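Written out below as structure tokens is the structure these notes cover.
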Amino acid sequence: MDFDVIVVGARCAGSPTAMLLARRGHRVLVVDRATFPSDALSTHLIQVPGLAALERWGLREAVEGAGAPPIERFTMDFGPFAISGAPPAEGVAARPFCVRRTALDAILVGAARAAGAEVREGVTVEGLLRDGDGRVTGVRGEGFEATARIVVGADGLRSVVAKDAGAALYGDAPSLTAGYYAYYRGLESPDGVVTAEIFQLGDRAVVLFPTNDGLTCVFVACPIAQFHDFRGDVEGNYAEALARVPALTARIGGAQRAERIRGTADVPNFFRRSAGPGWALVGDAGYHKDPVMAAGITDAFVAAEMLTEAVHSGLFGERGLDAAVEEYAARRDARFGPALQLTCQLASMEPPAPEMAALLARVAASPQETTRFFGMMQGSTPIPEYFASVAE
Ligand SMILES: Cc1cc2nc3c(=O)[nH]c(=O)nc-3n(C[C@H](O)[C@H](O)[C@H](O)COP(=O)(O)OP(=O)(O)OC[C@H]3O[C@@H](n4cnc5c(N)ncnc54)[C@H](O)[C@@H]3O)c2cc1C
């Protein structure tokens with residue numbers, strides 16, 4: 001075998017997996033058809049558990065120093081009331097950041113390379129290699145082949161590794177929203193506190209995330225049923241959504257748009273079978289969801305750590321490699337299953353049920369409850385634990 005591990009995809013899931021395995025002494029190849037630095041569709045919030053992972057990897061300071069301001073406050077405005085506060089800190093990981101993917105992904109790729117992984121950029125994998133028993137033994141692309149004891153698909157939503165491995169979906173729901181975003185200069189919070197703002201407007205949500213270079217990412221979501229109408233006049237519908245937030249009217253008027261509007265309606269919700277003989281999936285390839293919780297990056301970091309532990313123990317023969325990655329997939333599902341359910345509920349953009357509306361109003365009235373609420377929404381507190389405690 002040329003390598004112990006081949007990782008396909010080098011962004012939030014792939015580079016940390018490659019880095020962590022290389023640091024443990026494995027021979028790792030990571031390939032990506034992209035070159036870095038490069039952008040990805042994302043509003044790029046890294047939640048506190050994501051920063052805690054970066055801290056464990058020795059990368060938190062590099063990411064925090066990449067030019068995005070620490071977010072001091074989150075405000076979820078429901079009209080009659082607003083929940084305003086911040087999630088709890090995890091050690092030195094205290095404030096979430098929205099780091100542009102041009103910066104974040106390049107740091108991750110650099111860390112994988114520095115750990116000793118061989119990183120090949122601009123290389124497209126077209127399919128898997130197999131032995132006579134059907135076990136995956138490597139990857140192939142135009143003019144190249146490479147073999148390894150395990151191939152990790154970290155190649156995102158349309159994963160070629162998943163497709164060739166025949167990985168089935170489960171727990172799935174189709175795309176429930178469409179979203180469009182652009183960057184603005186001069187849209188800081190009026191009181192000077194760096195604030196991520198979320199306005200719930202029924203059939204629209206408007207999100208403001210402060211990011212690098214003094215820019216604010218302004219995202220508008222609509223239900224998937226309205227996607228075709230929205231797409232018919234993106235500029236007009238985007239502006240109309242912003243105009244529905246009175247608190248924004250003067251601020252938007254005084255701000256300048258810095259980049260074109262981008263968008264997608266391709267945000268399905270699913271787990272994909274993520275382990276098989278000689279292969280595994282991590283990140284969006286194995287668990288994809290609507291961006292409503294802004295959790296894909298953080299979840300990719302967490303799953304990369306889980307998979308790394310499994311592959312490491314499997315490669316060192318403490319237990320079989322296949323059993324180890326099967327166990328990883330089960331652990332991942334147990335961890336993220338409740339989040340997938342909550343994501344689908346929120347992405348339906350239905351008005352909250354009466355008991356949920358009452359809970360949100362109670363949360364808004366209490367700073368302590370607000371911290372706990374943002375801890376749940378941003379992955380620090382397990383969702384079942386949170387809802388069990390508020391039901392008591
Ligand atoms: C509109 C939007 C907003 C979002 N906002 C947030 C947010 O605020 N916070 C958050 O945490 N998450 C957010 N997400 C989700 C987040 O962007 C993803 O969950 C995250 O990028 C997943 O990382 P990944 O490494 O698994 O996959 P990706 O980022 O998709 O990376 C996959 C990589 O694989 C490579 N690749 C694919 N196929 C091949 C191939 N055949 N050969 C070689 N390379 C290949 C690609 O080039 C790519 O670099 C958002 C998503 C969307 C769509």
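Not measured: the values here are computed from a predicted model. As the structure lists them, so they are numbered: ligands from 1, and atoms in each ligand from 1.
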Atom indices of ligand 1 within 4.0 angstrom of D284 heavy atoms, with elements: 18 (C), 19 (O), 20 (C), 22 (C), 26 (O)

G9 neighbourhood, listing ligand 1 atoms whose heavy-atom distance to it stays under 4.0 Å: 33 (C), 34 (O), 35 (C)

Structural part of C98 in contact with ligand 1, heavy atom criterion under 4.0 angstrom: neither

Top protein contact for atom 52 (C) of ligand 1, by heavy-atom distance: L41 O, 3.7 Å

Atom indices of ligand 1, in the order listed, that fall short of 4.0 Å to a heavy atom of V125: 40 (C), 41 (N), 42 (N), 43 (C)

4.0 Å heavy-atom contact, R101 with ligand 1: yes

Distance-only N or O hit between ligand 1 and T264, under 3.5 Å: no

Side chain to side chain contact (heavy atoms under 4.5 Å, CB included) between Y328 and V311, worked out: CA-CA 9 Å; Y328 144 76; V311 170; over 6 Å; no

Heavy-atom nearest neighbour in the protein, as seen from atom 11 (O) of ligand 1, with distance rounded to 0.1 Å: I297 N, 2.7 Å

For atom 36 (N) of ligand 1, the protein heavy atom that lies nearest, with its residue and separation: D155 CB, 3.8 Å

Contacting atoms of ligand 1, where contact means under 4.0 angstrom from a heavy atom of G283: 26 (O)

Worked check of side chain to side chain donor-acceptor pair (under 3.5 Å) between R372 and S389: CA-CA 10 Å; R372 276 166 36 76; S389 72; 2.7 Å; yes

A295 to ligand 1, any heavy atom closer than 4.0 Å: yes

Contacting atoms of ligand 1, where contact means under 4.0 angstrom from a heavy atom of V160: 41 (N)

Nearest-neighbour protein heavy atom for atom 33 (C) of ligand 1, which is reported as residue plus atom name and distance: D32 OD2, 3.4 Å

Numbered atoms of ligand 1 (with element) below 4.0 Å of G156, judged on heavy atoms: 27 (O), 30 (O), 32 (C)

Proximal ligand 1 atoms for A154, defined as those under 4.0 Å from one of its heavy atoms: 32 (C), 33 (C), 34 (O)

Test item: side-chain donor near acceptor, E90 and S380, under 3.5 Å: yes

Which segment of P291 sits under 4.0 Å of ligand 1 when only heavy atoms are counted: side chain

Residue from Y181, Y180, Y238 passing side chain to side chain contact (heavy atoms under 4.5 Å, CB included) with F219: Y181

V123, portion touching ligand 1 at heavy-atom distance under 4.0 Å: backbone

Nearest neighbour of atom 9 (N) of ligand 1 from the list L45, I46, D164, on a heavy-atom basis: L45

Nearest protein heavy atom with distance in Å, relative to atom 14 (N) of ligand 1: S42 OG, 3.9 Å

Distance from atom 3 (C) of ligand 1 to nearest protein heavy atom, with residue and atom: T43 N, 3.4 Å

Of the listed options M293, R33, R120, E126, closest to atom 45 (C) of ligand 1 (non-hydrogen atoms): R33

Close-contact set for ligand 1 against G296 heavy atoms, below 4.0 Å: 10 (C), 11 (O), 12 (N), 19 (O)

4.5 Å side-chain heavy-atom contact, I224 and T177: no

Closest protein heavy atom to atom 23 (O) of ligand 1, given as residue, atom name and distance to 0.1 Å: C12 CB, 3.7 Å

